Amino acid sequence: MSSPAVLVAVILVIASLLSPSLSQICSSQKFTNNKVYARCSDLPVLKSFLHWTYDADNSTLSVAFVAPPDKPDGWIAWAINPNAPGMVGAQTLFAFKNSKGEMVVKTYDISSYSSIKESSKLWFDVKETAAEFSGGLMRLFATLVLPEKGKTTLNHVWQVGPSVTGGFPAKHGFQPANLNSKGTFDLLSGESKTSASGDSRIHGILNAISWGFLFPVGIIIARYMRTFQSADPAWFYLHISCQCSAYVIGVAGWATGLKLGSESKGITYDVHRNIGIALFCLATLQVFALLLRPKKDHKYRFYWNIYHHGVGYTMLILSLVNVFKGLDILDPATKWRSAYIGILVVLGVIALLLEVVTWIVVLKRKSNKSTKPYDG
């Protein structure tokens, strides 16, 4: 496969990550109680949907939250956070099966990550609730009385979990979809926004392009193109272009990672984070080392080369490991992981072929030098 073909494959992977995973279908959903809502929104993660009707005169909000639980005996939850986006402070409605197999709705006040208590007293009054489970989907119905008339933009959080133990919902997953299930919605206009729904994807895409593709390509260029005298100094400028581009894009990806970390208090991926920090530090060191690069005939150039190559190959190993760590966290469809592995295989085959060609050229040059007649 040629280099343009590899680039096209990378673009296809990126496009897939950017494309929405769920079609717009909330408007086609019907309920067994024949309830009709004024507005609905296809929530961006967890295959969830929100329907609602807002009566501004008496400040009542009728909602229907629809989502598939992680497992058939799992739970779904929808909440309003009156103070800030996110889980802490969320006034929550949980729907799940009780010990008799009946669907019930319970109310919880989530005051902190370690304090989740059932409570009948929430920021809003709950007039009525109901829940049902069919076709793999749980549906939570509620009518709420909001305490602040005229406040039409609300922070909301939604979540799904795998099980219920002793009437208490078990901990939910910590995949990006679970961490990004929060946002705001306007009761009147229907406009819905998520604060971080795209950040995980952007973080993954930037780092896959930089550390996972451009950086290895830059190493291949430096190792093999410089063997050919006609490619000098073009190989050097191509190498610098790839690595500097990888660094700039990688720093942007690193920054989005820091943002994701700051928005996910109490949730960390230590190995992935630490490798990312190490990559940033080593890459910055490489950039500054370029400014101290001795000339070819300088006595310290040999030691600089050892340092430069050693750090570079260390970064290559760390970058590939971290891309796969990120894929484990982001958990895209299997075919996209396979596509990235395919790209790496193609790069590996190209590198192997160039390695053979390089050794042939080097050995031929040595052979030519040894057969030249002695001229005194």
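What you see is a predicted model, and the numbers here were worked out from it, not measured in a lab. Counting begins at 1 with the first residue of the sequence.
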Practice problem: Answer yes when Arg337 and Asp328 have at least one side-chain N-carboxylate O distance shorter than 4.0 Å, and no when they do not. | Solution: yes

Residues at least two apart in sequence or cross-chain that pass salt bridge (Lys or Arg N to Asp or Glu O under 4.0 Å) with Lys100, listed by chain then number, are none

Hits for ring pair (Phe, Tyr, Trp, His ring centres under 6.0 Å) against Tyr300, two or more places apart or cross-chain, chain-then-number order -> His298

Check your understanding: Just by distance, do the side chain of Tyr224 and the backbone of Ile219 share a donor-acceptor pair under 3.5 Å?
Key -> no

Contacts of Cys242 meeting disulfide bond (SG atoms under 2.5 Å apart) (sequence neighbours excluded), chain-then-number -> none

Sequence neighbours excluded, the answer for ring pair (Phe, Tyr, Trp, His ring centres under 6.0 Å) partners of Tyr313 is none

Residues at least two apart in sequence or cross-chain that pass ring pair (Phe, Tyr, Trp, His ring centres under 6.0 Å) with Trp235, listed by chain then number, are none

Looking at Trp304, I'd like to know if its CH2 atom is crowded, meaning that more than 12 non-hydrogen atoms belonging to other residues, nucleotides or ligands lie closer than 6.0 Å. yes

Applied to residues 202-227, the salt bridge (charged side-chain N to carboxylate O under 4.0 Å, His left out) test, sequence neighbours excluded, yields Arg223-Glu355

For the NZ atom on Lys71, are there more than 12 heavy atoms of other groups (residues, nucleotides or ligands in this structure) within a distance under 6.0 Å?
no

Query raised in the report: Do side-chain atoms of Asp42 reach the backbone of Cys26 as a donor and acceptor pair under 3.5 angstrom?
Result: yes

Sidechain-backbone polar pair: Asn81 side chain, Val88 backbone, donor-acceptor under 3.5 Å: yes

If you count heavy atoms of other groups shown closer than 6.0 angstrom to CZ of Phe31, is the number above 12? yes

Taking the six-membered ring of Phe302, is NZ or CZ of Lys299 closer than 6.0 Å to its centre and within 45° of its axis?
no

Here the gap from Thr256 atom OG1 to His203 atom NE2, rounded to the nearest 0.5 Å, amounts to 5.0 Å

